[in-house]
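Quick notes on the structure that follows.
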Amino acid sequence: MHALIDCNNFFVSCERVFRPDLWGKPVVVLSNNDGCIISRSNEAKALGIKMGEPHFKAKPLLVKNNVAIFSSNYSLYGDMSHRVMQVLAQFSPDIEIYSIDEAFLSLKGFEHKNLSEYGREVRERIYRWTGIPVSVGIAETKTLAKAAANFAKITPKLEGVLELNNNALVDAALNKLDVGDVWGIGRRNAAKLNDKCIITAKQLTKLDDATIRKTLSITGLKTVQELRGQNRIPIELAPPPKKGITVSRSFGTPVTELQPLQESIATFTAKACEKLRKEGLAASAIIIYAHTNKHRKQDRQFNGSVTCELPYSSDNTANILHHSRECAVRIYKEGFRYKKAGIMLIGLQEKNNEQLELFNTVKTTDSEKEENLMQLVDGINKQLGNNTVFYAAQGINHKWKPTSELVSKHYTTRWSEVLSV
DNA sequence: TCTGGGGTCCTAGGACCC
DNA sequence: TCTGGGGTCCTAGGACCC
């Protein structure tokens, strides 16, 4: 058996922990750049506010209903997530942290327990110790546990926990579940299935494998087998190695000149390299990209990306900045209003496992001096706050900076800020 | 008049997730 | 005026090999 623990309206719940006056009131959290609505309280959902809706479009409705609005505060959510996961880890050694607000537990060896009772304990302890409400789904496979958690969330009388522990219960749940709400079946696939008159998850389980394979590919077939009770998506106790690291942002105001574009890309590069070092990885290539605002039909559009193989795998900011700045020059064209840019680090490998040159005539690794400098920079920024020291290439006058006008205090990570209130 | 078969690797695009 | 960010996986098609 597997359990899925899913935090309810997670970002909104994090904000409410420090703003108890907002319990029972409509609250939303916005994406970066205050662009879209990405988390809604139940009261906000009831007002008809849609997930992913642009903030500016929803504004009249938000104002009219006196909805509390927050810019996203990822350091707060990351810290709260960590707390939730720590509590959860007390319940089973076999835990897969699936996302910032969800985790799977393997309940192998717990067969003798009353699992619903166990689920209620998990829920109560997380709420008591972190203030975050969660839903718990328990079932034979991960895909069924996801479905169970969904019902646990939206059905008040279940009080947040649903265990699908016999065929009749599974059937009842799958009959009620829209095929598009199955984990792994998205909007496009749901439309394809609806065309074939497959509306519910139960109907999907009765479709023959060849048709499923043809319509939904091999991943879809695995999903259906999971719905039938066969485990095809194993718990991942250790996170698989990363294949790429991306840092990108939309600009608060459109960028038309090279210098701010370069400075933004330098800032994203520094951030990406910091992540790289944190993971103990080195990159062998980078991709720089930038594009205009596709929603502005009246503007000339541009979508560009430049790939650059690094001479040797590296995690050194100065080195990678050198190449990313060159890419920024190559990608820039006059006469466009850039809306977003970013960097992807690819060809990742473990830092201490780099390919060495057979004949040591060219530089093939970062030098010890460079390594020491990076350690020092990371150490200072960790202790004294992000960007205490930074590269001149990042600039100091970030006109492109994303808007974030409604951000809450960093209650759990920056005491200076909280104490200054 | 008529132009194979079998394989690998890479890339772009599309789908999905939170 | 105003539309997020960070990932993964699969497939089809092209390039290339013998």
Side-chain angles (χ1 to χ4, degrees), chain A residues 4-11 28-40 50-60 62 69-74 77-78 81 96-104 142-143 146 149-150 179-193 212-223 232-233 236 239-254 268 271-272 275-276 279 285 287 289 291-299 303 305 307 309 337 339-348 402-406:
Chain A
L4 174 73
I5 289 78
D6 192 344
C7 300
N8 299 346
N9 317 331
F10 182 55
F11 297 168
V28 298
V29 173
L30 304 177
S31 64
N32 264 331
N33 215 21
D34 291 348
C36 297
I37 291 164
I38 54 168
S39 183
R40 303 158 297 155
K50 296 276 177 302
M51 181 66 172
E53 208 178 346
H55 176 211
F56 75 93
K57 280 191 185 168
K59 221 170 197 168
L62 299 176
I69 309 171
F70 290 91
S71 300
S72 37
N73 182 346
Y74 285 100
Y77 311 148
S81 171
E96 172 187 343
I97 297 174
Y98 174 67
S99 74
I100 194 163
D101 70 334
E102 281 176 57
F104 290 100
K142 285 166 81 176
T143 306
K146 281 285 269 188
N150 271 340
V179 81
D181 292 336
V182 172
W183 184 45
I185 309 287
R187 242 199 7 244
R188 298 298 179 107
N189 283 332
K192 277 193 223 166
L193 292 166
I212 296 167
R213 176 71 179 76
K214 217 172 77 190
T215 320
L216 305 178
S217 94
I218 187 73
T219 29
L221 182 57
K222 279 190 194 171
T223 293
R232 296 299 308 277
I233 307 176
E236 282 172 4
K242 276 197 189 306
K243 303 195 163 165
I245 288 175
T246 303
V247 175
S248 72
R249 288 293 178 276
S250 291
F251 300 136
T253 47
F268 307 150
K271 187 88 202 152
K275 286 192 190 183
L276 196 57
E279 296 276 338
I287 301 171
Y289 60 92
H291 58 77
T292 48
N293 185 345
K294 64 174 187 277
H295 299 288
R296 284 181 63 94
K297 304 292 179 207
Q298 68 271 39
D299 285 1
N303 240 316
S305 86
T307 306
E309 299 277 341
R337 290 157 58 91
K339 175 63 179 171
K340 178 172 170 175
I343 180 169
M344 268 179 89
L345 306 175
I346 55 173
L348 306 187
T403 27
S404 183
E405 290 179 337
L406 305 160

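Below, chains carry the letters A, B, ... as their sequence lines are ordered, and counting in each starts from 1.
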Pair up each side-chain donor or acceptor in residues 28-39 of chain A with any protein partner under 3.5 Å, not counting sequence neighbours, and list the distances.
unit_1	atom_1	unit_2	atom_2	d
A/S31	OG	A/G35	N	3.4
A/S31	OG	A/C36	N	2.8
A/N33	OD1	A/T403	N	2.7
A/N33	OD1	A/T403	OG1	3.0
A/N33	ND2	A/F251	O	3.2
A/D34	OD1	A/S71	OG	2.7
A/D34	OD2	A/S71	OG	3.4
A/D34	OD2	A/E405	N	3.0
A/S39	OG	A/V12	N	3.3

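Mapping A/K275 and A/Y74 onto DNA chain C via the closest heavy atom, the residue that lands nearer the 5' end is A/Y74. Mapping A/F56 and A/Y289 onto DNA chain C by nearest heavy atom places A/F56 at the nucleotide closer to the 5' end.
The shortest distance between side-chain heavy atoms of A/E102 and A/L4 falls below 4.5 Å. Residues A/F11 and A/I100 have side chains in contact (heavy-atom distance under 4.5 Å, counting atoms from C-beta outward).
Applying the salt bridge (charged side-chain N to carboxylate O under 4.0 Å, His left out) criterion to A/E53, with sequence neighbours excluded, gives no partner residue. For the side-chain hydrogen bond (donor to acceptor under 3.5 Å, both in side chains) test, residues two or more places apart in sequence or in another chain that qualify with A/S217 are A/T219.
Residues from residues 214-223 of chain A placing a heavy atom under 4.0 Å of any atom in DNA chain C, listed by number, are A/S217, A/I218, A/T219.
Within 6.0 Å of atom NZ in A/K339, more than 12 heavy atoms from other residues, nucleotides or ligands are found, so the atom counts as buried in its surroundings.
Rounded to the nearest Å, the gap between the C1' atom of C/dC17 and that of B/dG4 is 14 Å.
At a threshold of 4.0 angstrom between heavy atoms, the contacts of A/V29 with the nucleic acid are absent. If you check every strand for non-hydrogen atoms under 4.0 Å, A/E53 touches nothing. Among the protein residues, A/I185 comes within range of the sugar-phosphate backbone only, with heavy atoms under 4.0 Å from sugar or phosphate atoms but none that close to a base. When heavy atoms are screened at a 4.0 angstrom cut-off, A/N33 is found touching no nucleic acid atom at all. Using a 4.0 Å heavy-atom distance criterion, A/D34 is classed as making no nucleic acid contact. Among the heavy atoms of the strands, none lies under 4.0 Å from A/K59. Looking at heavy-atom distances under 4.0 Å, A/K294 makes no contact with the nucleic acid at all. Using a 4.0 Å heavy-atom cutoff across all strands shown, A/F10 reaches no nucleic acid atom at all.
In summary, contact between chain A and DNA chain C, defined as any nucleotide atom under 4.0 Å from a heavy atom of the protein, begins and ends at C/dT1 to C/dT11 in the 5' to 3' direction.
Contact detail for A/K340 and A/R249: the closest heavy-atom pair is CG-O, 3.2 Å. Of all non-hydrogen atoms in A/G342 and A/S248, the two that sit nearest each other are CA-CB, 3.6 Å. Nearest heavy-atom pair across A/E279 and A/K242 is OE2-CE, 3.3 Å.
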For DNA chain C, the dot-bracket pattern of Watson-Crick and G-U pairs whose distances stay under 3.5 Å, | for other-strand partners: ....||||||||||||||
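One distance of note links CG of A/L216 with CG of A/L193; it measures 5.0 Å at 0.5 Å rounding.
Under the 30°/60° scheme for interplanar angles, the aromatic rings of A/H291 and A/Y289 are found to lie parallel.
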